[in-house]
Amino acid sequence: MDFRAIEEKWQKKWAESGAFEADPAAGRKKFYLTAAFPYPNSPQHIGHARTYTTTDAYARFKRMNGFNVLFPMGFHVTGTPVLAMAKRVAEADPEIVSIFKNIYKIPEDVIPTLNEPVKLVDYFSKEIELGMKEMGFSIDWRRKFYTYDPEFNKFIEWQFHKLKEKGYLSTGAHPVPWCPKDDNAVGAHDTQGDIDPEIDEMVLIKFPLKDPPDESVLCATFRPETIYGVTNLWVNPEAEYALIELDKNNYWVSSEAAESLTLQFPQLRKLKERKGGEFLGKTALNPVTGAAVPILPASFVAPEMGSGAVMSVPAHAPYDYLALRDLERAQKQYAIPQPIQVLKLDGFGDFPAKEIVERMKIAGQSDAKAEEATEEIYSREAHTGVMVAGKYAGTRGAEAKEKIKADLVSECKAIVIHEIINGPVKCRCGARACVKMVEGQWFINYNDEAWKAQTRKELAEMSIVPGKARADYEYTVGWLKEKACTRARGLGTKFPFDRTKVIESLSDSTIYMAFYTVAHRAKKLGAQKLTPEFFDYIFLGAGSAKKAAEGAGIAESDLSAIRSEFLYWYPLDSRHSGADLIHNHLTFFLFNHAAIFPEELWPKQIATNGFVLMEGSKMSKSLGNILPLRAAIRKYGADIVRFSVVSGAELGADSDFNQAMADGVSSRLKWMASLIEENCARKGEGAQKKAIDAWLLSRLHRRIRKITRDFASLMLREITQEAFYASINDLKWYFRHTEGNRETLSEFYRAWVLLMAPFAPHACEELWEKMGEKGFVSAAAWPEADESRISAEAELANEIVEKTAEDIAHIMKLTGKKPSAIRLFAASPWKRKLYSIARNEKKFDLAMKKAMEDPEIKARAKQAGKALQLLIKDFGGLKPSVPSQEEEMRALSDGAGFLEKEFSAKVEVSGEGAEASPEARARAEKAMPLKPSILLE
RNA sequence: GCGGGGGUGCCGGAGCCAGGAAAACGGGGGAGGCUUAAGACCUCCUGCCCAAGGGCUACGCAGGUUCAAAUCCUGCCCCCCGCACCA
């Protein structure tokens, strides 16, 4: 079977016939599902294929179940990453060129042409679309749009008007990572090494100098509660310091800090500069305790961090302790102060910093282990430490920290700044990223309690797959606060209330599923005609239809047709994405639907999936193990890739893609295809029907029933196990018994092709056609489980034969005997009675008592006792009912031909008690229900 | 720290919610078959012991409940993910 040729053939046929273009059809039940649209800043890899294949298999399943299925796709181009990437291409950044060339195999002459955001987006979106088509995704491409399309912009503007009307938008100041050189906000994609700058609050405590008293040193700290333990201040003697004026106060900070702090305090003015060394030996005053503390030199103080000066708490800060120890060893000029305890920490004495430094044998302040020690002590003191100094003595470290911080600020003894805490983070231009307070920042108020309540209601009513993820959504709904929703640059939609800003990317992709339903209509009308009244009417049925129709320049009847089109598809039946979007996009999706749409149009389900691993490890650019989707298709074929990415694990878990597994899928698929082709070409009826035919069909229908049920909760791994591996193993077992009956096989193959069609649609279309079926298998009816074919008896009969065969093989192996004849004895009827007594009574003595009431059993009390012991021991494994001796003999006789073939020996079946010799008798007595005794001769 | 998920053979992982033959299914490894050979394919084996289908050991650790615990309960240890304004 030539997978690639077949794929092309059917993709062409689907496209030509518009097989997946979905329009409203009166009276026909619909199913509308979407997957998170891709961000085209690079080609997609097999990891992306998982979400889309999951969605597509589900779409195909629903379609085969008679639903009118809509599965659209678009492209998300909003935001700054494409800007950064195009810029890097324009500058021929060797790293990005290498990734494009070596990982994504982009032709070398193409790479330099991707030097503008729009060109980049255009190239990659086409690449992604092609890949999706090559995967055979049943997408209605007529509805495709980009988030910078003017029609979409109008839609997003409308959305933000709605949010504003509801009072969900606000403005304020907001700290963002900033590059002072580029004068721009920086995200992870703008930094060297793709480091995401993390911002946290830092406290700058004012330590007035003894002389002159109107100047203070600002000391930066994350632990204001340790103010009681300050023994001295640290400055870096090599650094430059500046006296700044801020809100009528004069402070000393490092010159670097003076620069970066202007981003947070534009009113700040620099007065004069001085070398750090000049402070040494001076004295400052602790603003809380009033203690006089000396200013000492330390090399670990980074001038660019915080204010470039810090307070020293040697009892609790390993760096401070180390710097003091270093200083003591280096000179005799300064007196070395003694540590002062602030917190009590279990497992430590009065000075935890000193202890950990000694325990870890840290050499000095430049030893890398100092960082580790700091983290350990900080974390433990915050969570388990208890204050022993100051007015909050007795409270926990973390609690005291917040209280003392608030006190210092309200008493004007400290100011709060924001700092990048995982720094230094460098912008790609080389400058160090700082924090800027952006004024006039717009927010979406996800902290609104009434809104949260609505969202919780929506969530409670919807289906979450896998169910385990529900707690994640609940938690996220709870902790979401104001979300900054605009940025200074990027592709997308201009913010309607401040056109100098662009709506940020996670905020313009929350209700776009509604837009798909009318995207092709909107495009035809053109952006100018898409007035707020138009959207009000078609999405909410609000306002005047007449006015909306006039604005759109269409007849009222056409407008209401668009409205009905939306109402036909909405609400969304299933939303699909990677599980990583739960904490942002998917929860925003819930919030925005709750805010804008009436309850009956809220989404019904969200399904999220884990990642795809490559040969057991996470795909990453640095490992170079990213498998681009189109390369995978060329290597394995679309059906193999599709099957592999969804069959490896259930949705909630990460799934591994590996060569061995793909090869296994490929060879099995080829084997099935060749069998089906052979069966089609077959003349005559083949072998006669036997017990095993009924067994095969029983198993088949049982599987159909299970698969159909499992689709409701998208248990794709379970489904693929059943439909593929387990079914194929059944078939192999069947062929060990018989050459195959044509009618049985035809029924089996037809159902198998239908069951596999959602996963391997190309091969299944081809086989469907070969079987002489009309139309697309993609549009064929899903098979129904025929309950009358499901036979527990047939399956049990086979199980007896199978187990017996295993036992025979085991005995042969142990004894090394190669029998010429095998005699099987089915257990006597009285043992079957004993079996059910054992099962009902559960305990030996009770069961024995009960058994003795039966004269037939009582007559063989000794033998029965032994048999009962065996049964009770295995109590948990006893079946609710066992076949009669005759039934068991029939099952064994049906399987006799098979056993004869397997063991090349004559097989004779009889009931226990029919044996001739005493030797045979002794053997036969061991027979138990479902476990015939075996005599090898 | 907070929230979530998870520790089962050589590996990936079923089984846990609804306690009752643990290791399904897929890999990897081994033996044999087919084949000129390789590959593909087929059969068997892959915790330990076993000369008649048997026995013993095992689901992170330690307890508990139960006739019966991977599964339920308690405590502990360890690993992974998220904690944003970024797609």
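Numbers restart at 1 for each chain; the letters A, B, ... are given by sequence-line order, proteins then strands. FYI, side chains are in, hydrogens and waters are out, and symmetry mates aren't considered; it's all heavy atoms of this structure.
The number of heavy atoms from other shown groups lying within 6.0 Å of CZ (Arg921(A)) does not exceed 12. Counting non-hydrogen atoms of neighbouring residues, nucleotides and ligands closer than 6.0 angstrom, the NZ atom of Lys87(A) reaches no more than 12 such neighbours. Counting non-hydrogen atoms of neighbouring residues, nucleotides and ligands closer than 6.0 angstrom, the CD atom of Glu615(A) exceeds 12 such neighbours. Environment of NZ in Lys901(A): crowded, with over 12 heavy atoms of neighbouring residues, nucleotides or ligands closer than 6.0 Å.
As judged by a 4.0 angstrom heavy-atom cut-off over every strand, Trp671(A) is placed among residues making no nucleic acid contact. Within 4.0 Å (heavy atoms only), Leu480(A) reaches at least one base atom of the nucleic acid. The residue Tyr725(A) sits close only to the backbone: its heavy atoms come under 4.0 Å of sugar-phosphate atoms, none of a base. Counting any heavy atom pair closer than 4.0 Å across all strands shown, Lys481(A) reaches a base atom. Across all strands, Glu482(A) comes closer than 4.0 Å to base atoms (heavy-atom distances). Using a 4.0 Å heavy-atom cutoff across all strands shown, Arg668(A) reaches sugar-phosphate atoms only and no base atom.
In terms of phosphate contacts, Lys483(A) brings no side-chain nitrogen or oxygen within less than 4.0 Å of OP1 or OP2 of A84(B). When the side-chain nitrogen and oxygen atoms of Ser647(A) are compared with OP1 and OP2 of G26(B), none of them lie within a distance under 4.0 Å.
Spacing of P atoms, C56(B) relative to A22(B), comes out at 11 Å, to the nearest Å. Taking the P atom of each, C44(B) and U57(B) are spaced 29 Å apart, rounded to whole Å. C17(B) and A69(B): their C1' atoms are spaced 15 Å apart (whole Å).
For the residue pair Ser505(A) and His76(A), no side-chain donor N or O sits within less than 3.5 Å of a side-chain acceptor on the partner.
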Taking N or O atoms only and anything under 3.5 Å, show me the protein contacts with nucleotides 47-54 of chain B, one pair per line.
{"unit_1": "A51(B)", "atom_1": "O4'", "unit_2": "Leu814(A)", "atom_2": "O", "d": "3.3"}
{"unit_1": "A52(B)", "atom_1": "O2'", "unit_2": "Arg923(A)", "atom_2": "NH1", "d": "3.2"}
{"unit_1": "A52(B)", "atom_1": "N6", "unit_2": "Lys817(A)", "atom_2": "NZ", "d": "2.8"}
{"unit_1": "A52(B)", "atom_1": "N6", "unit_2": "Leu936(A)", "atom_2": "O", "d": "3.4"}
{"unit_1": "A52(B)", "atom_1": "N1", "unit_2": "Ile934(A)", "atom_2": "O", "d": "3.4"}
{"unit_1": "A52(B)", "atom_1": "N1", "unit_2": "Leu936(A)", "atom_2": "N", "d": "3.3"}
{"unit_1": "G53(B)", "atom_1": "O2'", "unit_2": "Asp807(A)", "atom_2": "OD1", "d": "2.8"}
{"unit_1": "G53(B)", "atom_1": "O6", "unit_2": "Ile934(A)", "atom_2": "N", "d": "3.4"}
{"unit_1": "G53(B)", "atom_1": "N1", "unit_2": "Pro932(A)", "atom_2": "O", "d": "3.2"}
{"unit_1": "G53(B)", "atom_1": "N1", "unit_2": "Ile934(A)", "atom_2": "N", "d": "3.4"}
{"unit_1": "G53(B)", "atom_1": "N2", "unit_2": "Asp807(A)", "atom_2": "OD2", "d": "3.2"}
{"unit_1": "G53(B)", "atom_1": "N2", "unit_2": "Pro932(A)", "atom_2": "O", "d": "2.7"}
{"unit_1": "G53(B)", "atom_1": "N3", "unit_2": "Asp807(A)", "atom_2": "OD2", "d": "3.4"}

For nucleotides 29-34 of chain B, print each protein N/O atom paired with a nucleotide N/O atom at under 3.5 Å, atom names and distance only.
none

All N/O pairs under 3.5 Å across the protein-nucleotides 2-11 of chain B interface:
{"unit_1": "C2(B)", "atom_1": "O2'", "unit_2": "Tyr475(A)", "atom_2": "OH", "d": "3.2"}
{"unit_1": "G4(B)", "atom_1": "O2'", "unit_2": "Asp472(A)", "atom_2": "OD2", "d": "3.4"}
{"unit_1": "G6(B)", "atom_1": "OP1", "unit_2": "Lys468(A)", "atom_2": "NZ", "d": "2.4"}

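Residues satisfying the side chain to side chain contact (heavy atoms under 4.5 Å, CB included) criterion with Ala484(A), sequence neighbours excluded, are His174(A), Gln441(A), Phe443(A). Every residue meeting the side chain to side chain contact (heavy atoms under 4.5 Å, CB included) condition with Asp845(A), not counting sequence neighbours, appears here in chain and number order: Lys843(A). Partners of Asn447(A) under the side chain to side chain contact (heavy atoms under 4.5 Å, CB included) rule, at least two apart in sequence or in another chain, are Asn445(A), Glu482(A).
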Discussion item. Can you give me the dot-bracket string for RNA chain B, 5' to 3', counting Watson-Crick and G-U wobble pairs with both distances under 3.5 Å, using [ ] for crossing pairs and | for partners on another strand?
Written reply: ((((((((.[[[..)....(....]]]((((((.......))))))(((....)))...[[[[[..)....]]]]])))))))....
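Annotation: cation-pi geometry satisfied between Arg223(A) and Tyr378(A) (NZ/CZ under 6.0 angstrom from ring centroid, within 45° of ring axis).
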For residues 713-722 of chain A, run the donor-acceptor check on the side chains, cut-off 3.5 Å, and write out each pair with its distance to 0.1 Å, sequence neighbours left out.
{"unit_1": "Arg717(A)", "atom_1": "NH1", "unit_2": "Gly648(A)", "atom_2": "O", "d": "2.7"}
{"unit_1": "Glu718(A)", "atom_1": "OE2", "unit_2": "Lys706(A)", "atom_2": "NZ", "d": "3.4"}
{"unit_1": "Thr720(A)", "atom_1": "OG1", "unit_2": "Leu716(A)", "atom_2": "O", "d": "2.8"}
{"unit_1": "Thr720(A)", "atom_1": "OG1", "unit_2": "Arg717(A)", "atom_2": "O", "d": "2.9"}
{"unit_1": "Glu722(A)", "atom_1": "OE1", "unit_2": "Arg703(A)", "atom_2": "NH1", "d": "2.8"}

Tabulate below the donor-acceptor pairs under 3.5 Å that side-chain atoms of residues 929-937 of chain A make, not counting sequence neighbours, or state none.
{"unit_1": "Lys931(A)", "atom_1": "NZ", "unit_2": "Asp807(A)", "atom_2": "OD2", "d": "2.8"}
{"unit_1": "Ser933(A)", "atom_1": "OG", "unit_2": "Ala924(A)", "atom_2": "O", "d": "3.4"}

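Between Cys485(A) and Lys501(A), the closest side-chain pair of non-hydrogen atoms is not below 4.5 Å. Looking only at side-chain heavy atoms (C-beta outward), Phe759(A) and Val665(A) stay at 4.5 Å or farther from each other. A 4.5 Å side-chain heavy-atom check between Leu731(A) and Leu675(A) finds at least one atom pair inside the cut-off. Side-chain contact between Lys732(A) and Trp671(A): present, with at least one pair of heavy atoms (C-beta onward) separated by less than 4.5 Å.
The list of ring pair (Phe, Tyr, Trp, His ring centres under 6.0 Å) pairs with a residue in residues 645-666 of chain A, not counting sequence neighbours, reads Tyr636(A)-Phe657(A).
For Asn584(A) and C86(B), the CG to C1' distance is 8 Å, given to the nearest whole Å. Rounded to whole angstrom, the span from the CG atom of Asp580(A) across to the C1' atom of A84(B) amounts to 13 Å. Taking atom CG of Leu871(A) as the reference point, atom P of A21(B) lies 14 Å away to the nearest angstrom. A84(B) atom C1' lies 13 Å from atom CZ of Arg487(A), rounded to whole Å. Asp508(A) places its CG atom 11 Å from the C1' atom of A87(B), with the value rounded to the nearest Å. Taking atom CD of Glu615(A) as the reference point, atom P of G27(B) lies 13 Å away to the nearest angstrom. The distance between atom CD1 of Ile503(A) and atom P of A87(B), rounded to the nearest whole Å, is 13 Å. Taking atom NE2 on His585(A) and atom C1' on C85(B), their separation rounds to 16 Å, with Å as the unit.
For Lys803(A) and Glu902(A), each mapped to the nucleotide of RNA chain B holding its nearest heavy atom, the one lying further toward the 5' end belongs to Lys803(A). Heavy-atom distances to RNA chain B give each of Asn729(A) and Pro197(A) a nearest nucleotide, and the one nearer the 5′ end belongs to Asn729(A).
Near-neighbour residues of RNA chain B inside residues 712-722 of chain A, defined by a heavy atom below 4.0 Å, number-ordered: Arg717(A), Gln721(A). Within residues 648-667 of chain A, the residues that have a heavy atom under 4.0 Å from RNA chain B are, in order of number, Ala660(A), Gly664(A), Ser667(A).
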Item to complete: Please lay out, stage by stage, how Thr78(A) and Asp508(A) fare under the test side chain to side chain donor-acceptor pair (under 3.5 Å).
Response: CA-CA 8 Å; Thr78(A) 308; Asp508(A) 82 340; 2.5 Å; yes
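Applying ring-ring contact (aromatic ring centres under 6.0 Å, His included) to Phe37(A) and the options Phe75(A), Tyr146(A), Tyr512(A), Tyr52(A) leaves one that passes, Tyr512(A).
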